[in-house]
Student: 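There's a structure below that I have some questions on.
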Amino acid sequence: MSDVTNNTTESESSDQRTDFIREIVIADNKSNKWDGRVITRFPPEPNGYLHIGHAKSICLNFGIAQQFGGKCNLRFDDTNPTKEEEEYVQSIIQDVKWLGWDWEDRLYFASDYFQQMYDWAVELIKQGKAYVCDLAGDQVSLYRGSFTQPGKDSPWRNRTVEENLDLFNRMKNGEFPDGSRTLRAKIDMASPNLNMRDPVMYRIMHATHHRTGDKWCIYPMYDWAHGLEDSIEKITHSICTLEFENHRPLYDWFLDQLGIYHPQQIEFARLNLTYTVMSKRKLLQLVQEKLVSNWDDPRMPTISGMRRRGYSPESIRYFAKKIGINKFNSTVDFALLEHCVREVLNKTSPRIMAVLKPLKVVITNYPEAQVEELDAVNNPEDASAGSRKVPFSKTLYIEQDDFMENPPKKFYRLSPGKEVRLRYAYFITCNEVIKDSAGNITELRCTYDPATRGGDAPDGRSPKATLHWVAADTALKAQVNLYDHLFTKENPEEAEEGKTFKDAISTDSLKVLENCFVEPSVKTAPALTRYQFERLGYFCIDPDSTSEKLVFNRTVTLKDTWTKLQKKQ
RNA sequence: UGGGGAAUAGUGUAAUGGUAGCACAACUGCCUCUGGAGCAGUUAGUCUAGGUCCGAAUCCUGGUUCCCCAACCA
């Protein structure tokens, strides 16, 4: 287990918190329960794209294996061909890899174990612990009883072993229609745990499986299959989410009846995040109803969406580490995720200058055709990132927000008569404001102080503000997509009467700015390259970006105390 | 009207009978060629009622609240 694709920085090398699951692993190692082995697995069903909640589980399982010198398998739990697709398999492989984890040659599929599972089912039948039931679906649930009422035995519960064997074989051979029969475990129809009331092990499904094709027309249920998969792979700690706690007695029962290798199932709480939804069903709905562009829409909490948004794998791993592991439901503040993203990106992203809402500035005392190349530091947090040249000339663009004709108190930026520093360039003073007939400011006329080249004055004076800028002639035009929360409510699931989570979708989660300018140094950068636009935030090149039409996605803003100040007033 | 889990600042977590700590958020300052970063500080917590104990977030008893379970989904 190694981070092959990502460098580990300080933020990650900090000590791993010992959660209750790691405590179990440590205790097991101490007692030699598993002979020192630690084998975990990440077992997704390929029926959707992975999201940040899965990342928590991935980092837990792979992280434990890494920490204790064990292994973590990637296993597709592909037991339901009607919901699963190859596209999802590929996306999941890509996402886990991108997150920085390596399963080496241990890529497994539950469907590869179908024959073994079948054989074990036959064994259970021979033991008299499983039977073929002819009850229809609605009848099965009727016989199951309720929370407070015990169930009733199926009329087919006491078939002979021979009859069960014959019927199960014929189920496998495709002699019966879908839904006509099931194989059920014979446990206890009066158990207070409904999962133990003769759970279905196999159902008939004449469906084409994405890997086994039409070879099988019976498919194992989760409860039957999952423990067997874990057993086959000699998993030591089978980590799953809280809702499977009720299933653990069944997990244990199947393995005990068969007398085969028996991992320990441990449950932890899934992740909830403010301002987002996490269920695969709802995410699928957003995609299918075109409420987002696709699974990798940068507003989606999917791994692919976050990748496109510009989140780095390291920042997601850092986040997973910070949220911890527990056994109760909690909702993590989205701001913590953003903090983790900023923390990592601050240390790793090269800085460039870009102007999102351009305001033309003419330096009246600057020579007409002159262009200077000025030195700019690539990353003040990382000396090894070096420096680059940025062109400066008579006509520039600055940010509209960086000028105010009638500035309020504490507005440090440019205003008439005021001097500011242009980053890495010169001090300029605004002398004249030019407006169109409607009164909109269209241009600023400024003078520069030639003695301040590079951004320092010989007399030691230092303006309160430093602005970012681009030279008009050499700047590249770009589209910039500004993203915000997809939902307006902290908990979109909590919908009022007659409303759904979709009613909480934000109308300004995406703002497209078409007339942005970026410095020329980014011209040939590949898709997904991450930058900090100085004073604005972190941005990355969208995969749809071309050299003819540059497109950037805003990952997250910089912390902005000025905006905060304004909002308070 | 059954069974299974769980409750620590606004949020996420630590403390495993011995000073309730950390992070995010919020708020103050300092510093700064990014109103970024960094530095220093402030606010704020053991669900509840009893009990055991020199001492309880932790152990015991009762209560409260929340989550999960009645798919041929996982």
Side-chain angles (χ1 to χ4, degrees), chain A residues 17-19 23 43-45 47 77 79-80 82-84 133 135-138 140-142 144-151 178-184 191-197 199-205 218-219 221-223 225-226 240-249 267 269 274 280-281 322-340 342-343 346-347 351 353 376-377 380-381 410-413 420-425 427 452 454-456 462-468 490 532-537 557-565:
Chain A
R17 176 185 296 158
T18 299
D19 52 67
E23 277 172 8
E45 182 189 16
N47 68 343
D77 210 358
T79 57
N80 186 350
T82 62
K83 292 191 174 172
E84 296 151 7
C133 178
L135 249 26
D138 52 342
V140 172
S141 56
L142 233 47
R144 185 150 33 226
S146 70
F147 291 145
T148 50
Q149 303 259 294
D178 288 3
S180 59
R181 286 177 225 264
T182 55
L183 183 72
R184 293 228 256 162
S191 171
N193 182 342
L194 303 229
N195 294 126
M196 302 299 273
R197 320 243 263 226
V200 172
M201 295 164 61
Y202 278 94
R203 73 287 216 188
I204 301 171
M205 275 177 148
I218 55 170
Y219 289 93
M221 300 288 291
Y222 170 87
D223 284 313
H226 205 88
C240 62
T241 44
L242 248 32
E243 67 270 27
F244 293 105
E245 210 153 15
N246 293 324
H247 296 244
R248 190 174 355 119
E267 309 84 14
T274 56
K280 278 189 188 176
R281 206 195 95 247
K322 295 207 64 135
I323 55 177
I325 300 294
N326 57 44
K327 289 204 66 158
F328 51 91
N329 300 303
S330 59
T331 303
V332 175
D333 194 338
F334 201 88
L336 180 61
L337 211 208
E338 296 196 320
H339 163 80
C340 294
R342 287 191 188 102
E343 176 94 1
N346 175 48
K347 296 190 173 94
R351 292 2 25 180
M353 291 196 285
V377 172
E381 303 286 325
K410 291 202 176 174
F411 183 84
Y412 307 143
R413 284 111 98 146
V420 298
R421 172 170 30 231
L422 294 183
R423 179 138 234 224
Y424 301 124
F427 294 1
T452 58
D456 288 300
S462 184
K464 187 85 173 158
T466 300
L467 309 187
H468 61 275
E490 278 203 15
Q532 183 195 103
F533 289 2
E534 294 232 17
R535 302 209 304 134
L536 296 174
T557 60
L558 250 26
K559 283 209 267 181
D560 185 353
T561 49
W562 170 240
T563 305
K564 201 184 276 177
L565 246 176

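As the structure is a prediction and not an experimental result, all values here were calculated from the model. Within every chain, numbering begins at 1; the chains are lettered A, B, ... in the order of the sequence lines, protein sequences first and strands thereafter.
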Student: Determine the Euclidean distance between corresponding C1' atoms of rG55(B) and rA74(B); express it in Å to zero decimal places.
Tutor: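 Roughly 49 Å separates the two C1' atoms.
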Student: Can you check the distance between rA25(B) and rU43(B), where both ends of the measurement are the C1' atom (answer in whole Å)?
Tutor: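 Per the computed distance, 12 Å lies between those C1' atoms.
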Student: Taking atom C1' in both rU8(B) and rU46(B), what distance in whole Å separates the two?
Tutor: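 It comes out at 4 Å once rounded to the nearest Å.
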Student: Between rU58(B) and rA6(B), how many Å separate the two P atoms, rounded to a whole number?
Tutor: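 Here rU58(B) and rA6(B) have their P atoms 15 Å from each other.
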Student: With side chain to side chain contact (heavy atoms under 4.5 Å, CB included) as the test, would you mind laying out the steps for Arg413(A) and Trp562(A) before giving the verdict?
Tutor: CA-CA 11 Å; Arg413(A) 284 111 98 146; Trp562(A) 170 240; 3.2 Å; yes
Student: Using atom C1' of each nucleotide, how far apart are rU42(B) and rG50(B) to the nearest Å?
Tutor: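 To the nearest whole Å, 37 Å.
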Student: Roughly how many Å apart are rA57(B) and rA15(B), using the P atom of each and rounding to a whole number?
Tutor: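 The same atom, P, in both gives a distance of 15 Å.
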Student: Using whole Å, report how far CZ of Arg413(A) lies from P of rG36(B).
Tutor: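 From Arg413(A) CZ to rG36(B) P: 11 Å.
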Student: For a quick check, tell me whether the side chain of Asn246(A) and the base of rC68(B) share a donor-acceptor pair closer than 3.5 Å.
Tutor: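 Such a pair exists between side chain and base.
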Student: Regarding Glu45(A) and Lys83(A), does a basic nitrogen lie under 4.0 Å from an acidic carboxylate oxygen?
Tutor: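 Salt bridge absent between Glu45(A) and Lys83(A).
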Student: Determine, answering yes or no, if Phe147(A) is stacked on rG2(B) under the 5.5 Å centre rule and the 30° plane rule.
Tutor: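 By the stated criterion, Phe147(A) and rG2(B) stack.
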Student: Taking atom C1' of rG4(B) as reference, at what distance in whole Å does atom CD of Glu245(A) sit?
Tutor: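 From Glu245(A) CD to rG4(B) C1': 7 Å.
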Student: Give a yes/no verdict on base stacking between rG5(B) and Phe328(A): centres under 5.5 Å, planes within less than 30° of parallel.
Tutor: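 It does not: the ring fails the test against the base of rG5(B).
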Student: Write down the distance between CD (Glu243(A)) and C1' (rC69(B)), rounded to a whole number of angstrom.
Tutor: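 Nearest whole value for this atom pair: 11 Å.
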Student: About how many Å separate OG1 of Thr466(A) and CD of Glu534(A), when rounded to the nearest 0.5 Å?
Tutor: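 Between Glu534(A) CD and Thr466(A) OG1, I get 9.5 Å after rounding to 0.5 Å.
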Student: Counting only Watson-Crick pairs (N1-N3 plus N6-O4 or O6-N4) and G-U wobbles (N1-O2, O6-N3), all under 3.5 Å, who is the partner of rG45(B)?
Tutor: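 Its partner is none (no Watson-Crick or G-U wobble pair with both distances under 3.5 Å).
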Student: Compare the ring of Trp562(A) with the six-membered ring in the base of rG35(B) and state whether they stack (centres under 5.5 Å, planes under 30°).
Tutor: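 Yes, aromatic ring over the base.
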